[in-house]
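Positions are given from 1, in the same order as the sequence printed here.
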Amino acid sequence: MFQTIANIFRIPELRSKIFFTIGMLLLFRMGTHVTIPGINSLIVTGITADPSEGFLGMVDLFAGGALLKFSIFALGIMPYISSSIIMQLVMVLIPSLQKMQKEGEEGRKKIQQYTKYGTLLLCAIQSLAVIQLANSWSTGSGNSPAKYPGLINPSVDSYFLPLAMLSITTGTVLLIWLGEQITERGIGNGISLIIFAGIIGRMPEALISMFTSDTSDALSVLILLIIFVALIALTVILTQGVRRVPLNYGKQMVGRKMVQARSQSIPFKVNSANVMPIIFASSLILFPQTIVQWLSSKGGQWAGWAVIMDYFNPFSQIWYHSLFYFIIYTSLIIFFAYFYTAIQFNPQELADNLKKYGGFIPGVRPGSQTKEMIEKILNRITLPGALFLAGLALAPYLIIKFLNLGSNTGGGTLVYTFGGTSLLIMVGVALETLKQIEAQLLMRNYEGFMKKTKIKGRA
């Protein structure tokens, strides 16, 4: 392992790429502490986040704590991710965009350009939500008193709205540029590495808080450590799990000879939807919570609002209330796992391409039977992957309840880091980055990270 790391720094090109990537990520981390002009930085230091507080806690977790610092990077890279997801969904409905995607590099550049335009629009909309949050905390709203009086400097009230919108939008655009620079001049996966750095950036603070202020005993910490190791191992298995469908090709003419083409396989990932089902399910389950909160603020002190909200509380003291939340959340994840897999894979198109190039699955007729076979395989492998995803998404809530941790303490924040979307992103990005570094080493005749775990072919 140490020899492999030493080999990395012996290659000047790879060494410069790694240092460049580290420099860009440090620039991102420094930017999370630069507040929006007009925000009182002294008051910001006293704001704490509860990761369980719906969308607010989730965005703040991915932004590395920048949202509740009211930083210029408050939205992180999330508007770009949202715009990319919307573009993928729209492409399914608009044939002209599908055609554009198949035009090669030029088509992909146009789609990327449309995605960036969508990012600017989402930044403008979402920055208004951040500004409204700052205003409500600074001056209060309706019957709610000010949570952090003086958060916004009164001297900038008249032009705070355009100034904050411009700062937040510019911050997100700068992050996109940093990600592109890491992809082009660094080790690749720039956008993913920025999200990775945002999640990892909160870990030191959570660890310090857990060991200095939490009431957890040594046994709870040891159990937590064992659970973390197990979750990471299971996530690696989920990320790397593949079902390979064998393919055969007919004989082909090479020169003057007829030769048998080599057998190949189609790899279908067990978790082909990646983190998207959790993101979709989390966003959808937060929608009724937001509506109920808004109605309760407008409709007076009706006791029924609290009861309805308790059904969407995973930490409810009434067991069947929390069970209702878990069932709804799990069902949504399974539904979106199938939905997103259906968007990514078109069995009819895949079957037609195999037939066109003379490929076939052994024992299956080309055409409609191949299509049915592919659909059957996808349906079978998507269900266990979706159940695994649901278990990973619910793991933070179950661990916090089992170990009696506070959701907004250091231990609780650490649990959210090692569960659900964040853990999948960290493991996926780490594995992809290791693969890219290993490819660079193998190109220069160095052994990679995986030299002791290479999979040997079957005899």
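Phe345 meets the ring-ring contact (aromatic ring centres under 6.0 Å, His included) test with Phe268; sequence neighbours excluded.
In this structure the side chain of Ile39 never reaches within 4.5 angstrom of the side chain of Asn153, judged on heavy atoms. Put simply, the side chain of Leu161 reaches to within 4.5 Å of the side chain of Leu128, judged on heavy atoms. By the 4.5 Å heavy-atom criterion applied to side chains, Met426 and Ile232 are not counted as neighbours. Between Ile111 and Met91, some side-chain heavy-atom pair lies under the 4.5 Å cut-off. Looking only at side-chain heavy atoms (C-beta outward), Val270 and Val242 stay at 4.5 Å or farther from each other. Side-chain atoms of Leu424 and Asn271, non-hydrogen and from C-beta on, do get closer than 4.5 Å to each other. With contacts defined as side-chain heavy-atom distances shorter than 4.5 Å, the pair Ile334/Leu387 qualifies. Put simply, the side chain of Met373 reaches to within 4.5 Å of the side chain of Ile377, judged on heavy atoms.
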For this session: Before giving the answer on salt bridge (Lys or Arg N to Asp or Glu O under 4.0 Å), spell out for Glu375 and Lys371 the whole-Å C-alpha distance, their side-chain angles and the decisive distance to 0.1 Å.
Result: CA-CA 6 Å; Glu375 288 177 344; Lys371 170 181 171 291; 3.0 Å; yes

Exercise. Under the side chain to side chain contact (heavy atoms under 4.5 Å, CB included) criterion, do Ile333 and Leu394 qualify, and how do the steps go?
Worked result: CA-CA 11 Å; Ile333 290 174; Leu394 295 177; 5.9 Å; no

Problem set entry | Step-by-step side chain to side chain contact (heavy atoms under 4.5 Å, CB included) determination, Leu238 to Leu389 | CA-CA 9 Å; Leu238 176 65; Leu389 271 181; 4.2 Å; yes

For this session: Kindly determine whether Leu120 and Lys116 satisfy side chain to side chain contact (heavy atoms under 4.5 Å, CB included), including the steps that lead there.
Result: CA-CA 6 Å; Leu120 291 176; Lys116 290 179 179 177; 6.0 Å; no

For this session: For Asn40 and Ile152, run side chain to side chain contact (heavy atoms under 4.5 Å, CB included): C-alpha distance rounded to whole Å, both residues' side-chain angles, the deciding distance at 0.1 Å, then the answer.
Result: CA-CA 6 Å; Asn40 191 329; Ile152 301 176; over 6 Å; no

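The main-chain N or O of Ile187 is found under 3.5 Å from a side-chain atom of Thr21 such that the two form a donor-acceptor pair. Within the 3.5 Å criterion, the main-chain N or O of Ala281 finds no donor-acceptor partner in the side chain of Tyr329. A distance-only check finds a donor-acceptor pair linking the side chain of Ser16 to the backbone of Glu13 [under 3.5 Å]. Proximity of a side-chain donor or acceptor of Ser127 to a complementary backbone N or O of Ile168 within less than 3.5 Å is not detected.
Residue pairs meeting the side-chain hydrogen bond (donor to acceptor under 3.5 Å, both in side chains) criterion with at least one member in residues 72-89, sequence neighbours excluded: Tyr80-Gln112, Gln88-Tyr340. The salt bridge (charged side-chain N to carboxylate O under 4.0 Å, His left out) pairs that include a residue from residues 332-354 are Lys102-Glu349, where partners are two or more places apart or lie in different chains.
Separation of atoms CG (Leu423) and CG (Leu392) is listed at 5.5 Å; rounding is to 0.5 Å. Atom CZ of residue Phe19 and atom CG of residue Leu14 lie 10.0 Å apart, to the nearest 0.5 angstrom. Going from atom CG of Asn189 over to atom CZ of Phe196 covers 11.5 Å, rounded to the nearest 0.5 Å. Remark: Ile125 CD1 to Thr169 OG1 distance equals 10.5 Å, nearest 0.5 Å. Residue Asn353 holds its CG atom at 10.0 Å from CD of Gln348, rounded to the nearest 0.5 Å. Rounding to the nearest 0.5 Å places NZ of Lys355 at 14.0 Å from CG of Leu350.
When all heavy atoms of Phe160 and Pro37 are compared, the closest pair comes out as CE1-O, 3.6 Å. Summarising the geometry of Ile72 relative to Gly31, their closest heavy-atom pair is CG1-O, 3.8 Å, with the distance given to 0.1 Å. The two residues Ser71 and Thr32 have their closest heavy-atom pair at CB-O, 3.1 Å. Across all their heavy atoms, Gly188 and Leu193 have their closest contact at O-CD1, 3.2 Å. Among all heavy-atom pairs drawn from Pro277 and Phe336, the shortest one is CA-CB, 3.8 Å. Listed here is the closest heavy atom pair of Ala134 and Phe70: CB-CE2, 3.6 Å.
Results of the side-chain contact (heavy atoms from CB on, under 4.5 Å) test with Leu178 over Thr183, Leu25, Leu27 single out Leu27 as the only residue that passes.
Heavy atoms of other residues, nucleotides or ligands lying less than 6.0 angstrom from CZ of Arg185 number 12 at most.
There is a side-chain donor-acceptor pair under 3.5 Å between Ser272 and Thr341.
Ring orientation note: the planes of Tyr114 and Tyr117 are tilted relative to one another, at an angle of 30° to 60°.
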